[in-house]
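Note on naming: letters A, B, ... go to the chains in the order of the sequence lines (proteins, then strands), and numbering restarts at 1 for each one.
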Number of protein chains: 2
Amino acid sequence: MNIGEIARRAGVARSTVSYALSGKRPVSDETREKIQRVIDDLGYRPNASARALANGRTSTIGLVFPPAGNHYTGMQLDFIGSVVEAAAARDYDVLLSPSGMDSDRSFQRLLGERRVDGAILMEIRLEDERVDHLARLDFPSVTIGRTARPGGTWWVGLDHTALAAACVHHLADLGHRRVAFVNRPEQLLRAGYESAHRGLDGFTKAAAERGLAVRTYCCGDDPASGQACLERILHEDPATTALVTLNEAALGGLYRGLAHAGRHLPRDFSVTGVVASRWAETVTPQLTAADVPAEEMGRRAVDLLIERLDHPGGAPRHHLLTPPISLRASTGPAGGASFAETTPPAGTS
Amino acid sequence: MNIGEIARRAGVARSTVSYALSGKRPVSDETREKIQRVIDDLGYRPNASARALANGRTSTIGLVFPPAGNHYTGMQLDFIGSVVEAAAARDYDVLLSPSGMDSDRSFQRLLGERRVDGAILMEIRLEDERVDHLARLDFPSVTIGRTARPGGTWWVGLDHTALAAACVHHLADLGHRRVAFVNRPEQLLRAGYESAHRGLDGFTKAAAERGLAVRTYCCGDDPASGQACLERILHEDPATTALVTLNEAALGGLYRGLAHAGRHLPRDFSVTGVVASRWAETVTPQLTAADVPAEEMGRRAVDLLIERLDHPGGAPRHHLLTPPISLRASTGPAGGASFAETTPPAGTS
DNA sequence: TTGAAAGCGATACCAG
DNA sequence: CTGGTATCGCTTTCAA
């Protein structure tokens, strides 16, 4: 079923059917209705490939995120969901590409073969070859996260520096003096992941400002690593009374480690960090955290990209978000239990 | 940059370039190398729309899942991730479509406009108009989950009946006599969601077989609902000593409710269910559960679909999986505390 | 082993 | 207001 067949049955030219559909040229009511009847009868829908070939637009956006092997973090998945829904609302389809490098086959297909009109990139690194690549090609794209020098590019991001600092200040205000930082996996830090770097920076500087004793850790993206990491923390400094984390996937393990060490939240230990609300609310006690507004970020990224597609050559725009800390139940005043002096160090049993 | 330009620069016909690329016709080494050099020089990649138009295949599969408004469950997202990775490994792209009905715009675009070669459907209902629609059109598709009468269709599914029954038997073997069932939200049950129905069935029958006293509940897909649901359970029958759940998103809330009621797992209460392992391992104590093998299911769905695409007309195939229960730490013998008689009912404070 | 040309199914320009 | 036709970039048949 194609446009020629519709034209034949309606007794008009193919171009007339096309114009009746697009409205880009006036068509008499009579003709339009005649055409519409045929279309409804046959359930005709124009072929997307042909249309894309003819007018150079696919009405599809690419969503590029690194392959995760076994598991994605909840946050990554939240972004995917929000981007897809926002795009659907704007009548765009979303093509997924699990690629971490600009040389990945899937990445090449998306861009090189022009399968998409534009792309949204996730999991940005401070130095990101994918971003540079796209910028060089002047390929319309928006990043969720920002590189070291984001000037001239389109992005929506979180102010991880400020967020981590806010966590530190919150803990310092509560009287905590010895605080640990639980980051994403070391391999991601080394690879230059933005959130890991800026978060660490913000934490370190704010802690120095407040004169806190700190230790920083990298931690795998899973509960078992979280538990192991917590054991290390209490082993290396049993007097630690609080931690800040960016690692939502490890959160459950951190909690478990605390429970095993006999530390009761928030009485003798406080936990806070940067985590999407749905995960913060899953743990008990619920996590006091700067909530990552995944839905808003996905929606804004889509809006920016569509704006860029509709108005090529416009000045780069971006959104830097700094969500407030939501007070829940995982932080409390330090010293409630003076734990380190009344019990043996954990992690040694 | 198109195939004509490559042909011109290499001094050959367009068809020769095409054949050099596809290998569907012998091309002399000399010619091929000449062409390849030009291609490498210019970084040429064939246009996907043109190719799709010419040969009728898009090398893209559609992944259809219901719009979730605010949040997807972790399991849904796990499926998405696994399908995307499996497809990428087979050089297929994945187009996402958040649509619950066959009338959704996104659904129509995907199929009607032939944006995809085939589709994978998630969140199947016992009576599913999307599945019927696709079957009528003979559109290549595979479902994750199965309808009431899955004969003649392609699917990969979980034997929820057997899984729920296995949970019941596990608890009964441990001596539990009063057991609750925490299902997905009522609205999904009413809508006929397969897992909710078959799971409930399996639970009910197995419980009857073992002579257990049971209560069944529907519960919203979020921690707050889980907590509320647990309060109701203990309020309506304080002597309940165990529960089975399909609702992974509520799990954190169920645990919290138990903690608030002073029930210690697994000493005075046991929890088990059907949940993907990564979520089962997030909670403390880790959940003894039939692990949903999301990755395997996604991979198998992709394999089945590609098989169906490559060999049209083949006999329908399917995989029914029954993963075993992984013993972790959330279940234990009943009666360890004889809780109901020594403390007031929970949920009344 | 290679070239020429006819589609694939739309869009949009040029005429009338 | 409508029709005819070139065009998008690739695949594949037909001929040499």
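- Note: CZ (A:Arg57) to P (D:dT7) measures 23 Å, nearest angstrom.
- For the atom pair NE2 of B:His133 and CD of B:Gln108, the computed distance is 6.0 Å after rounding to the nearest 0.5 Å.
- By the 6.0 Å contact criterion, CD on B:Gln187 is open, its count of non-hydrogen atoms from other residues, nucleotides or ligands being 12 or less.
- No donor-acceptor contact under 3.5 Å links the side chain of A:Arg14 to the base of D:dT5.
- For D:dG9, the OP1/OP2 oxygens have no side-chain nitrogen or oxygen of B:Asn47 closer than 4.0 Å.
- The nucleotide whose nearest atom lies closest to any side-chain atom of B:Ala13 is, among D:dT11, C:dG3, C:dA10, C:dG3.
- The phosphate of C:dA10 (OP1 or OP2) has no side-chain N or O of A:Tyr19 nearer than 4.0 angstrom.
- Between B:Ser18 and D:dT12 there is no side-chain N or O to OP1 or OP2 distance below 4.0 Å.
- For B:Thr31, the listed nucleotide lying nearest its side chain is C:dT2; candidates were C:dA10, C:dG3, C:dT2.
- OP1 or OP2 of D:dT2 lies within a sub-4.0 Å distance of a side-chain N or O belonging to A:Ser28.
- Residues B:Thr16 and B:Ala50 each lie close to DNA chain C; by heavy-atom proximity, the contact nearer the 5' end of the strand is made by B:Thr16.
- In this entry the distance linking CD of A:Glu113 with C1' of D:dC8 reads 17 Å, nearest Å.
- Rounding to whole angstrom units, CD1 of residue B:Ile3 and P of D:dC10 are separated by 5 Å.
- Taking the side chain of B:Asn2 as heavy atoms from C-beta on, and the options D:dC10, C:dG3, C:dG9, the nearest nucleotide is D:dC10.
- Salt bridge present: B:Arg8 and B:Glu5 bring a charged side-chain N and a carboxylate O closer than 4.0 Å.
- Going from atom CZ of B:Arg32 over to atom P of C:dT1 covers 9 Å, rounded to whole Å.
- Per the geometry, CE belonging to A:Met1 stands 14 Å off P belonging to C:dC8, to the nearest Å.
- Electrostatic pairing of A:Arg300 and A:Asp303 does not count as a salt bridge here, judged by no charged N lying under 4.0 Å from a carboxylate O.
- For A:Arg308, the CZ atom sits in a packed shell: over 12 heavy atoms of surrounding residues, nucleotides or ligands are nearer than 6.0 Å.
- As judged by a 4.0 angstrom heavy-atom cut-off over every strand, B:Val27 is placed among residues touching the sugar-phosphate backbone only.
- If you take CD of A:Glu30 and P of D:dC1, they are 12 Å apart, rounded to a whole angstrom.
- Tested against B:Met122, the residues B:Val64, B:Thr143, B:Leu63 include a single side-chain contact (heavy atoms from CB on, under 4.5 Å) partner, B:Leu63.
- OP1 and OP2 of C:dT11 both lie 4.0 Å or more from every side-chain N or O belonging to A:Lys24.
- Rounding to whole angstrom units, CG of residue B:Asn55 and C1' of D:dG9 are separated by 12 Å.
- Judged by closest nucleotide on DNA chain D, B:Leu53 is the one of B:Leu53 and B:Arg25 placed further toward the 5' end.
- With hydrogens and angles ignored, no donor-acceptor pair closer than 3.5 Å exists between the side chain of B:Ser15 and the base of C:dA5.
- Taking atom CZ on A:Arg8 and atom P on D:dT2, their separation rounds to 20 Å, with Å as the unit.
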